[in-house]
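Worksheet: one structure, shown below.
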Amino acid sequence: MLYESILFGSTLVMTSFILMTGCSSKKKAAPSVAPSPQSASKSPAATPSVAKSTVSQSPATETKATETGETKDTTNAETKNEETKGNDEETNDKTEAKKDETRQETVRKDEDKKDDGEKKKEEDEKENDKKEENKNEGKKKKEDFIRADPTELSFESATTSQKKLRLKNLTSKKLMFKVKSTTTNTYLINPVFGKIEPNNFADVMITHRPSGKREDKLVIVSSEMLGKELEMAKTFKQIKTTGNDVIVKLVST
């Protein structure tokens with residue numbers, strides 16, 4: 001009886017030991033069979049650490065980015081300032097160039113005006129010379145139409161006297177003449193206007209009235225006969241004489 005109890009107890013102990021051994025083997029094998037859940041359970045734990053690390057580094061990164069942005073802004077501002085300065089200098093250069101061109105243009109215009117003035121002066125001088133030449137030619141073209149005889153008449157200053165002046169037509173054309181005097185108070189002329197047939201003569205009476213001692217002169221102008229004889233005074237005002245003037249000296253002693 002006692003033996004059976006011991007045997008039963010031994011059997012029970014062995015059985016318990018086997019069961020315990022099996023359970024512990026099962027517990028040890030479980031981790032090796034399904035490592036994924038544990039690794040999976042560990043991965044989420046690792047992710048927060050990474051995130052935490054990333055979060056912890058963000059302020060430095062942002063600071064660096066800010067500094068980089070400020071550096072870029074400063075660089076851009078300096079570049080812009082340099083461009084603006086360059087544009088200003090270019091504008092100033094263009095302005096100075098334009099001023100130089102304006103000054104040069106003004107100088108050129110002044111020189112052109114000066115040249116034009118000199119050219120005009122030369123042209124005026126040439127024109128004057130030409131007019132003078134024409135005037136001299138005109139004088140040269142005039143002919144001696146009339147000869148006066150005598151060329152000097154003398155009178156006594158205290159008395160009234162009369163003398164004759166003969167005008168000779170030296171041409172083969174009919175002439176008309178006009179006698180002008182430097183004074184009309186001392187001398188009376190008759191006729192003042194007259195005509196002379198070709199190669200003929202005409203007499204003019206000069207009357208002296210009492211006066212002081214003095215010298216005067218007569219100027220006889222002539223031209224070819226034009227218009228009516230009664231309108232010679234009007235004709236002489238409208239024409240240019242073609243004959244040379246004849247001078248007769250008048251002396252009152």
Side-chain angles (χ1 to χ4, degrees), residues 113 115-253:
K113 286 182 179 179
D115 294 338
D116 292 340
E118 292 178 353
K119 288 181 180 179
K120 188 175 181 181
K121 186 176 180 180
E122 291 177 359
E123 290 177 357
D124 292 340
E125 290 178 353
K126 289 181 180 179
E127 187 67 22
N128 292 332
D129 292 340
K130 189 175 180 181
K131 287 181 179 180
E132 191 66 25
E133 289 177 0
N134 292 335
K135 186 177 180 180
N136 293 332
E137 287 179 0
K139 287 182 178 179
K140 291 178 181 178
K141 287 180 180 179
K142 285 188 175 183
E143 301 176 8
D144 292 331
F145 288 171
I146 293 176
R147 183 176 68 236
D149 186 29
T151 57
E152 182 177 332
L153 295 173
S154 297
F155 300 89
E156 291 182 3
S157 60
T159 61
T160 299
S161 59
Q162 189 177 69
K163 291 189 177 182
K164 181 175 65 175
L165 178 67
R166 176 161 286 188
L167 303 177
K168 173 70 175 178
N169 184 352
L170 303 176
T171 71
S172 59
K173 300 175 183 179
K174 187 176 181 178
L175 301 178
M176 60 181 183
F177 68 88
K178 175 183 178 181
V179 182
K180 300 187 293 185
S181 175
T182 56
T183 177
T184 57
N185 296 325
T186 305
Y187 298 98
L188 298 178
I189 302 168
N190 185 34
V192 176
F193 297 95
K195 66 176 182 177
I196 310 174
E197 296 296 332
N199 300 310
N200 209 330
F201 61 87
D203 291 334
V204 178
M205 300 308 293
I206 309 299
T207 301
H208 172 265
R209 294 187 295 187
S211 66
K213 293 180 180 181
R214 55 184 297 158
E215 289 186 2
D216 295 288
K217 66 180 179 180
L218 299 176
V219 179
I220 297 96
V221 296
S222 60
S223 179
E224 295 181 14
M225 189 66 189
L226 297 172
K228 297 179 180 180
E229 185 176 346
L230 296 176
E231 296 178 350
M232 279 193 291
K234 183 178 179 181
T235 304
F236 266 107
K237 290 180 180 180
Q238 296 174 347
I239 68 170
K240 184 177 181 180
T241 58
T242 55
N244 286 325
D245 296 343
V246 178
I247 307 299
V248 177
K249 188 176 180 180
L250 301 176
V251 180
S252 177
T253 60

Exercise. Kindly indicate, with the supporting measurements, whether the criterion side chain to side chain contact (heavy atoms under 4.5 Å, CB included) is fulfilled by M176 and L226.
Key: CA-CA 8 Å; M176 60 181 183; L226 297 172; 4.3 Å; yes
Quiz prompt | Pairwise side-chain contact, E215 with S252, heavy-atom cut-off 4.5 Å (strictly under) | solution = no
Quiz item: Hey, does F177 have a side-chain heavy atom less than 4.5 Å from the side chain of V221?
Solution: no
Quiz prompt | Neighbour count above 12 (heavy atom, 6.0 Å) for K234 NZ | solution = no
Exercise. Begin from the C-alpha positions of D144 and N244 and carry the test side chain to side chain donor-acceptor pair (under 3.5 Å) through to its verdict.
Key: CA-CA 5 Å; D144 292 331; N244 286 325; 2.8 Å; yes
Quiz item: Is it true that R166 and D149 make a salt bridge, defined as a side-chain N closer than 4.0 Å to a carboxylate O?
Solution: no
Self-check item: Salt-bridge criterion met for R214 and D216 (N-O under 4.0 Å)
Solution: yes
Exercise. Go through the side-chain N and O atoms of T183 and N185 and say whether any donor and acceptor fall under 3.5 Å apart.
Key: no
Self-check item: Minimum heavy-atom distance between I146 and V246, given as atom pair plus value
Solution: O-CG2, 3.3 Å
Self-check item: Separation between NZ of K237 and CD of E231, rounded to the nearest 0.5 Å
Solution: 12.5 Å
Self-check item: N200 CG to L175 CG distance, which is reported to the nearest 0.5 Å
Solution: 10.5 Å
Exercise. Kindly give the heavy-atom pair with the smallest separation between L218 and S181, and that separation in Å.
Key: CD2-CB, 3.7 Å
Quiz item: What distance separates L250 CG from I189 CD1, expressed to the nearest 0.5 Å?
Solution: 7.5 Å
Self-check item: Rounded distance [0.5 Å steps], CG in N190 versus CE in M205
Solution: 8.5 Å
Practice problem: Verify the neighbour count for atom CZ of R147: are there more than 12 heavy atoms of other residues, nucleotides or ligands below 6.0 Å? | Solution: no
Exercise. Answer yes or no: are there more than 12 heavy-atom neighbours, outside K168 itself, under 6.0 Å from its atom NZ?
Key: yes
Practice problem: Drop me the distance from K195's NZ to M232's CE, to the nearest 0.5 angstrom. | Solution: 8.0 Å
Exercise. Specify the closest pair of heavy atoms between S223 and I239, including all atoms of both residues, with the distance to one decimal.
Key: OG-CD1, 3.8 Å
Quiz item: What heavy-atom pair brings T160 and R209 nearest, and what distance separates the two atoms?
Solution: OG1-CA, 4.2 Å
Practice problem: Please work out whether the ring planes of F236 and F193 are parallel, tilted or perpendicular, with thresholds of 30° and 60°. | Solution: tilted
Exercise. Taking only Lys NZ, Arg NE, NH1 and NH2, and the carboxylate oxygens of Asp or Glu, determine whether E224 and K174 approach each other closer than 4.0 Å.
Key: no
Quiz item: How many angstroms lie between atom CD of E156 and atom OG of S211, to the nearest 0.5 angstrom?
Solution: 11.5 Å
Quiz item: Is any side-chain heavy atom of L167 closer than 4.5 Å to a side-chain heavy atom of I220?
Solution: yes
Quiz prompt | Validation row, ring centre F155 to ring centre Y187 under 6.0 Å | solution = yes
Practice problem: Report the C-alpha separation of H208 and T186 in whole Å, then their side-chain angles, then the decisive distance to 0.1 Å, and conclude whether the side chain to side chain contact (heavy atoms under 4.5 Å, CB included) test is met. | Solution: CA-CA 6 Å; H208 172 265; T186 305; 3.6 Å; yes
Exercise. Please report the closest heavy-atom contact between S172 and N199, naming both atoms and the distance.
Key: CA-ND2, 4.2 Å
Quiz item: Where is the tightest heavy-atom contact between P191 and V179, given as atom of each residue plus distance?
Solution: O-CG2, 4.2 Å
